[in-house]
Every structure is written in structure tokens, then in C-alpha cells.
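Working notes, structure below.
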Amino acid sequence: PPRVLTADDVSMGLPPFKPPGAVENSSVVIQDNGVMWRLEDGGWAFQYPDMVAEVAPNGATTIAWAQAGQEPVAVQMDDSGISYHFNDTVVHRDSQGGLVYHQPSGTMHQLENEVIYHWCHPNVVVYQTPHGIVYYDEQGMTYRGATDLAHYAANGEVLYQGVGGITRQYPDGAADLWTDSGVLYRHSDGVLTYTPMGETQSQVLTGEALKAERFPGPPLTAQQVLDMVEKALNATQQPPPTGVPPAVPPPFAATTPPPFASAPP
């Protein structure tokens, strides 16, 4: 987490102190009661009565103010963006438009239409997007959309709630399904039971109540499905077989000649 920026931190960079990394006897007095120093890495440092600045060889610039009666502020900027440090908060905006708030309690990161929140105590991460919100914590992960909700617990349980009902799956293979007509239970031993709406006694479900399989056999592969589609398209594009008489025009086509046709002799 960012430390608290105090006036003493900035004052240590003001005269009569020498900036860190400054070359000995390289100071030059400049206007506005300023002092300029050459740094060992090739950069430059500038000292004023209430402001200190440093310019690195790559152009990165750091400026800090310690004005009387005001909280100290530090600004750092380079080709990637700019950051502001005041008290215990650092705000950074990059050149791509991203925005980050950094505090001891956590961070907030905004990028285009997405926002990420992170709290340190307790450790919680929240993703907010146009499609929904995702929560991460020690209990698991939760997704909340416009009409549905899904929770993946740390112990392996999965809970889904949507318009059509509620489903809960357990690590041992059991599952519950709540619907408008009743509740369907799949027990860990494979037994299925059903409790109709308004009743308290569960009924055991067997395969005899199901209809015959409409699609017997193993599942089709993706290539088999594509082959079936291609075969159907080829059948519709083939010309009609020979020997089929042409279609007979409707009766009114022969009784009313077109207006530009001449009368028969």
C-alpha cells in the first residue's frame, strides 16, 4: 500500500539538503530562488523554497510541493501516464485511459467500461462489467447477471438461480432442482426423487415414466453434423430429373393475351 506523504518527506529534498544522487559541487543558482543540480544518472534536480523537481534522462518527471498550511502533493509523469500522491492515496491515469485509485484499504481499477475493486481486509475482488458483476472472496465466486445468479463455493458446491428455477449441485454428485411445478432431487447414490408443488412426500422416479429415446445411438460428432448439413444442401441444389413434364401454366394465362399481342387471323 502507498505510504502517507508528509511535509517532512518533501522538505528533505529542499535546500539546504542535497538531492539524492546529485553530483558534488554541481549546483547552480537559478531564478525564483531556485537551485539546479546535475545528477549522476544524467538527469537534473531542481530545488525551490517549497517545491522540488527531478527530471530523469528518459524524460520521467517527479514534482513535489510542501506549501505552508496545505497537504503535500507529489506528481510523477512519464510517457505511460501520470500519478498523483496525496496523503495515503495514489491516483494513476495511463495513456490508454485507464484509471487506478490505490489506498491502504485496497484499489479501484477502471478500464473503458469495466471496473475492478480489491479490498485487502477482508480479501475481496469485485469485477463490474456491462454483462454482470463477479465477486471473489474466501467463500468462493459469485456471478450476478441481469436475470440470473451463479455461486461457486469453496467446498465445491454450485448454486444457480435463474428465471426457470434454482439448481444446487453438491461435491458428492447430488443435486437439487427447484421449479414452478416442484423439486427434483438427484441423490449421491443415483436415485431420483420428485416432490410436486403443494406436497410434502417425495416420489421415486424411474425410467419407465420416460418416453422412448428419440435419438438412439451414440452422440454425433461435429464432423458428422457438418457432413449431414452438406449432404442436405447438395440435395436441394441438384437439377430436377429428366422426363418430368414442365409445369402447366394457370388457366387464366391462355385466356387473356397480353395487350401488345396481335389478334389471330
Side-chain angles (χ1 to χ4, degrees), residues 1-138 141 143:
R3 62 182 180 86
V4 178
L5 181 65
T6 65
D8 293 338
D9 296 330
V10 181
S11 298
M12 292 303 297
L14 300 177
F17 303 106
K18 186 181 70 173
V23 178
E24 289 287 347
N25 302 321
S26 65
S27 62
V28 177
V29 178
I30 57 178
Q31 62 181 2
D32 298 328
N33 298 324
V35 179
M36 181 176 65
W37 295 78
R38 185 162 53 90
L39 302 179
E40 296 176 352
D41 61 359
W44 295 91
F46 302 86
Q47 294 177 319
Y48 293 91
D50 57 1
M51 186 193 78
V52 59
E54 182 178 324
V55 180
N58 61 357
T61 303
T62 302
I63 306 174
W65 291 267
Q67 298 178 353
Q70 298 183 12
E71 291 187 358
V73 178
V75 177
Q76 185 175 18
M77 46 191 167
D78 54 22
D79 55 0
S80 65
I82 184 171
S83 64
Y84 303 88
H85 186 178
F86 51 94
N87 200 355
D88 61 352
T89 302
V90 176
V91 181
H92 178 77
R93 178 176 289 277
D94 60 37
S95 57
Q96 304 298 322
L99 183 64
V100 177
Y101 284 86
H102 193 183
Q103 294 179 320
S105 59
T107 61
M108 189 280 290
H109 185 190
Q110 180 178 359
L111 181 61
E112 295 182 355
N113 56 359
E114 299 179 357
V115 182
I116 303 173
Y117 302 91
H118 178 215
W119 289 270
C120 299
H121 303 286
N123 188 16
V124 178
V125 180
V126 177
Y127 292 87
Q128 182 177 357
T129 71
H131 306 287
I133 302 177
V134 180
Y135 305 84
Y136 288 94
D137 56 19
E138 61 181 6
M141 182 187 72
Y143 167 78

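- Looking at residues two or more places apart in sequence or on another chain, you find a side chain to side chain donor-acceptor pair (under 3.5 Å) between Asp78 and Ser80.
- Rounding to the nearest 0.5 Å gives a distance of 9.0 Å between CD of Gln76 and OG1 of Thr61.
- Taken from OH in Tyr101 to OH in Tyr84, the straight-line distance is 10.5 Å, to the nearest 0.5 Å.
- Minimum heavy-atom separation, Val10 to Pro72: CG2-CB, 4.0 Å.
- In this structure, Val75 and Ser83 have side chains that are not in contact, with every pair of non-hydrogen atoms separated by 4.5 Å or more.
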request  = Would you check, one step at a time, whether the test side chain to side chain contact (heavy atoms under 4.5 Å, CB included) holds for Val91 with Leu99?
outcome  = CA-CA 7 Å; Val91 181; Leu99 183 64; 3.9 Å; yes

All N/O donor-acceptor pairs, side-chain side in residues 42-55, below 3.5 Å, sequence neighbours left out:
unit_1 : atom_1 : unit_2 : atom_2 : d
Gln47  : OE1    : Trp37  : NE1    : 3.0
Gln47  : NE2    : Gly13  : O      : 2.8
Gln47  : NE2    : Phe17  : O      : 2.7

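- A donor-acceptor contact shorter than 3.5 Å is absent between the side chain of Asp32 and the backbone of Gly34.
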N/O donor-acceptor pairs under 3.5 Å from side chains in residues 21-28, not counting sequence neighbours:
unit_1 : atom_1 : unit_2 : atom_2 : d
Glu24  : OE2    : Lys18  : NZ     : 2.7
Ser26  : OG     : Val23  : O      : 2.6
Ser26  : OG     : Arg38  : N      : 3.4
Ser26  : OG     : Arg38  : O      : 3.4

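- In this structure, CG in Leu5 is found 5.0 Å from NE2 in His85, a value given to the nearest 0.5 Å.
- A heavy-atom distance below 4.5 Å is found between the side chains of Trp65 and Ile63.
- By the salt bridge (charged side-chain N to carboxylate O under 4.0 Å, His left out) test, Asp94 is found to be paired with no residue, residues two or more places apart in sequence or in another chain being considered.
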Please tabulate, one pair per line, all N/O donor-acceptor pairs under 3.5 Å involving side-chain atoms of residues 108-130, not counting sequence neighbours.
unit_1 : atom_1 : unit_2 : atom_2 : d
His118 : NE2    : Asn123 : OD1    : 2.9
Thr129 : OG1    : His131 : N      : 3.3
Thr129 : OG1    : Gly132 : N      : 3.3
Thr129 : OG1    : Gly132 : O      : 3.1

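- Using a 4.5 Å heavy-atom threshold, the side chains of Thr89 and His102 count as separate.
- With sequence neighbours left out, the side chain to side chain contact (heavy atoms under 4.5 Å, CB included) criterion links Thr6 to Val4, Asp8, Asp9.
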